[in-house]
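Let me begin by presenting the structure, written as structure tokens, before commenting on it.
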Amino acid sequence: MLDPSPEDDGTSPTVSAPRFVGRDRELAALRGALARPPAIVLVEGEAGIGKSRLLREWLAAPEQHTALVSVCPPLRESLTLGPIVDAFRGIDRPVSRLRLTELAGALRPLFPEWSSHLPPALQSLGDAKAARHRLFRALDELLRALRVDVLVLEDAHWADEVTLEFLLFVSSRQQSDGPSLVISYRPEEVDVGSLLLRLTSRLPAGVTQLRIALAPMRPDDTAALVSSMLDGNPISQEFTTFMHERTGGVPLALEESVRLMCDRADLVFRDGQWVRLKLRELQVPPTVRDSTRERVGRLSPTAQQVLRAAATLAERSSVATIAMTAGLSPAECRGAVAEAASAGVLDGDDRGRWRFRHVLAATAVYEAIPLTDRRHFHLLAGRALEGIRPLPVARLAHHFREAGETQSWARYAEQSAELAMASGDHTKAVDLLVDLLSWSRLPPTDRARVARIAGVAALGRREPVDEVYHRVIRTLRSVLETPGLSPRQQAEIRNPLGRLLITGGEAQAALSELEQAVANLDHDPVEAARAMTYLGWAYAGPWPAATHRRWLDRAAELTAAFDSPAERLNLAGNRAAALLMLGEEEAWDVVAGLPVDGATSAERLDVARIHANVGTGALIWGRYADAEEHLAVALRLADVERASRLQHNVRLEQANLAWLTGRWEGLADESTALADADRDRPAHYLGSIRLAARLAAAAGRRRAAEEQFRLVLEESARLGAADDTMEAAAALARLWLTDGNSGRALQITNEPIDTVRRKGIWVWATDLVPARIEAYLAAGDLRAAARLGDQFARGLRGRTAPAPRAALATCRALLLAAAGDHARAATAYARAARAWDALPRPYDAMLARERQAEALIAQGQVEAQGQVEARGQVEQGRELLAAQYEQLFRLGARGDADRVAQRLREHGAEVPRLWRGGRRGYGDQLSPRELDVVQLVVAGKTNREISRILAKSPATVDQQLRAAMRKLKVTSRTALAVKAVEAGVFAEDESLDNIS
């Protein structure tokens, strides 16, 4: 079975404290101001914006300063001068050593623990104001005695009145060389009558003044902060955007969200960066949730009701809409909105619309609404939005869904889906309609209509096969089980379902659905013709080519009456591609008239798909120049339209073309990339694996090639993709023929050749027929081989397909060689090689010339010994064989080159020494050939088994074995195996598990 999910490099990150990022400018300004005392620095910003972190970074700097730091706690009743007293208790100098005047006796009530070190208590004053002034003077004296440079007061919005009065007192005396003040606060939580406003609005002259207003982080700083928490590794752009939008760039929300996601194992390390597994929603971290609810809880009941309504609406909304949702009058709502805005919870725009400043805050408020009340809020929201023009149908669908109003939900969901499709967002349309089908109880007629629209929307998606695709398939199949659907309604669902199954590679299931659909599509000739055209594709099903052709002809009859040029182009292009699959020559007449561009996005996508299909057909025929041209057109248009699924299709076919035409450089990496990209699309994933298997077989990596070709064959058969079984079966047959196992080779090709005979589509048999004829010949059944060759020739009669015809030439040469007619066989192989070269298909041409060389040598050997002509034929064969060795080696077909080299040695010829660059010779290191032999020795193979596996003569194996023993300084096979393992001479990718 295929693995549908990519492997991850890691499962969970190590979470660290976030690095200080995005505030360098503010930190520099703070340092600069405090370097010019006395100074007053005001640091303002909302909760979690990073005020405390900024101050901690400044305090941690190596600069010489004495600072007292105090934090105002969020108590219901603030303690008089509590923050100031707490700050002094943190000093580390003994009070007894301070030079204090008798005025310090006023401090005894505040610091009873210092009573033994403070002057005697002062006489009580009858005037409270005078007593407070005396106390402030005493505290100021204590500050100066301690030589405090900076007094820091955090969260001053929670400070008591007396503490704020003391700060005003200190600031008024700063001109006499008093300490600098750093005060942080949340502007939205400062009461109208608070003394903090007087402090922040009336800064004294003659002192350094700085106001730092911390703003949310930018996206790049968001990425840097999150990355610093995740081992310093980068995060994906999608993850960055998601986090920034959901948290508003508030550092505390970012930090807590990352920790929560790590606790929930939502993050994985993939392709060198952290990505999030679920990108649709972000849970509210407990710290953010509690902070938000605490702030909201201090507002009036009316303001809280407005916030619940705004959280339900989720998007910017007018006061009138919020009022209707909250069940308030416009006047009440305006006052409550103003209160929430003053508290920094709501944010307005220049059009008088309001929403939460941060998504997480909105979510925290929404989650606090009792479930029994949410439906009512959504119902009111839906009714309020119905008064807006144009109707916000997507929002209406959402609210009526949450309100449980199925009829209204269905109506607006369909309208929203139509708008989404019109704007090109087919995925949104699919999500809306599939949700409706999955979670509502609709009448059968409505259910069928919505399912049909969902199927059509899914066909318009450009994304790769993903969870949305699989969900649509499951939903459409579920709807088909609904009791009471008419044949027409079922047909309208089966039609898009069948086409979607084609996209997913489920060929047999696709044809089944389309065949059932077409019988009841008389009311819609366009869709009927389209379904018939897909039934004309011969990639699956038991039907012969004639049946597929009848479907195509029926579709053509309907198409002739269509007025729409776009519909005629679509059907004609698909018909041409289907005819190419059938091997019909007339297809090329239609292909010649295809456009190479379109006026609209939909037309460009249609033209691109048609050219991609034609390119695939051209590959089957062996018309590689045509294939390259059509695939280039398809890729250009797919790139323009950013159609990722189609881009992958074309890239795969271009890789196949590169393989066939001998451009193998970089194909191994390309096949891996394609497999990763198409892992969720079985047919295309198997195409990528087939490409890798070809490369493995040519390189002599027998076990890998066999496993990969087996996977392709078995999965293609399971999916019903009959045409994709041909090459895999042929490749496996050739592998087993090298083992001398003709019976197994015949068995693996039985079903594919039966399919070709049954369907009568012989253009599919380019690789299959030669392999099966070889198997017949190896089994000694010359008559069956000749009969198959005749069938192949008859099947290609009247068809100019170059690749199958080159294969036919190879088959004729095989039969001549088997009959012992070496002279004619050599000529036939030469003819086949020229046919392969003309395509061009150099690898097959080299293999044909290898056989030609063997035929020439065999011809010379059967001639009378001593004849000059016979010796000339043998020498000509050797030279031709040596040339193929070099060409195969240069191409990258190392396994074939090794086989040819062995044949050259057996014929007494020199094997050319080839070098591709890098180090010449191996010195005392094992050569790749010697390493192959040693690996098999370690695996316990005998020399005879090694000879068979590596296609080498026993003498060559013995020679390479002795060379390896000499280099590793051992004298026995056992010692060689032990020394090789201990020395670690095997590369990681050449483990013993890969040895056949």
Q: State the CD1-CD distance between Ile857 and Gln873, to the nearest 0.5 angstrom.
A: 11.0 Å

Q.
Ignoring hydrogens and geometry beyond distance, is a side-chain donor-acceptor pair present between Trp621 and Thr800 at under 3.5 Å?
A. no

Q. Using 4.0 Å as the upper bound for N to carboxylate O, is an ion pair formed by Arg718 and Glu714?
A. no

Q: Indicate whether any N or O donor in one side chain lies under 3.5 Å from an N or O acceptor in the other, for Tyr885 and Asp898.
A: no

Q. When you check the gap from the basic side-chain N to the acidic O, do Arg549 and Glu584 get nearer than 4.0 Å?
A. yes

Q) Between Arg849 (side chain) and Tyr829 (backbone), is there a donor-acceptor pair under 3.5 Å? A) no

(Q) Could you check whether Glu727 pairs with Arg734 (Lys NZ or Arg NE/NH1/NH2 to Asp/Glu carboxylate O, under 4.0 Å)? (A) no

**Q.** Basic-acidic side-chain contact under 4.0 Å: Asp724, Arg690
**A.** yes

Name every donor-acceptor pair, under 3.5 Å, that has one atom in a side chain of residues 785-796 and the other anywhere in the protein, sequence neighbours excluded.
| unit_1 | atom_1 | unit_2 | atom_2 | d |
| --- | --- | --- | --- | --- |
| Gln791 | OE1 | Arg757 | NE | 3.0 |
| Gln791 | OE1 | Arg757 | NH2 | 3.1 |

Q: Scan for side chain to side chain donor-acceptor pair (under 3.5 Å) pairs involving residues 666-675, sequence neighbours excluded, and state none if there are none.
A: Arg651-Glu670

**Q.** salt_bridge(Arg772, Asp767) N-O dist < 4.0 Å
**A.** no

(Q) For Glu875, is there an ion pair with Arg878 - N to carboxylate O distance below 4.0 angstrom? (A) yes

Q. Is the closest basic N to carboxylate O distance between Arg851 and Glu774 below 4.0 Å?
A. yes

Q) Are Arg550 and Thr547 linked by a side-chain donor-acceptor pair shorter than 3.5 Å? A) yes

Q) Does the side chain of His822 come under 3.5 Å of the side chain of Glu854 through a donor N or O and an acceptor N or O? A) no

(Q) Please confirm whether the ring centroid of Tyr843 lies under 6.0 Å from the ring centroid of Trp836. (A) no

**Q.** Interatomic distance, Arg623 atom CZ to Leu580 atom CG [nearest 0.5 angstrom]
**A.** 8.5 Å

Q: Please report the C-alpha distance between Asn656 and Glu653 in whole Å, then the side-chain angles of each, then the deciding distance to 0.1 Å, and finally whether the side chain to side chain donor-acceptor pair (under 3.5 Å) criterion is met.
A: CA-CA 5 Å; Asn656 286 330; Glu653 296 297 27; 2.9 Å; yes

(Q) When you measure from the side chain of Thr725 to the backbone of Ala722, do you find a donor-acceptor pair of N or O atoms at a distance under 3.5 Å? (A) yes

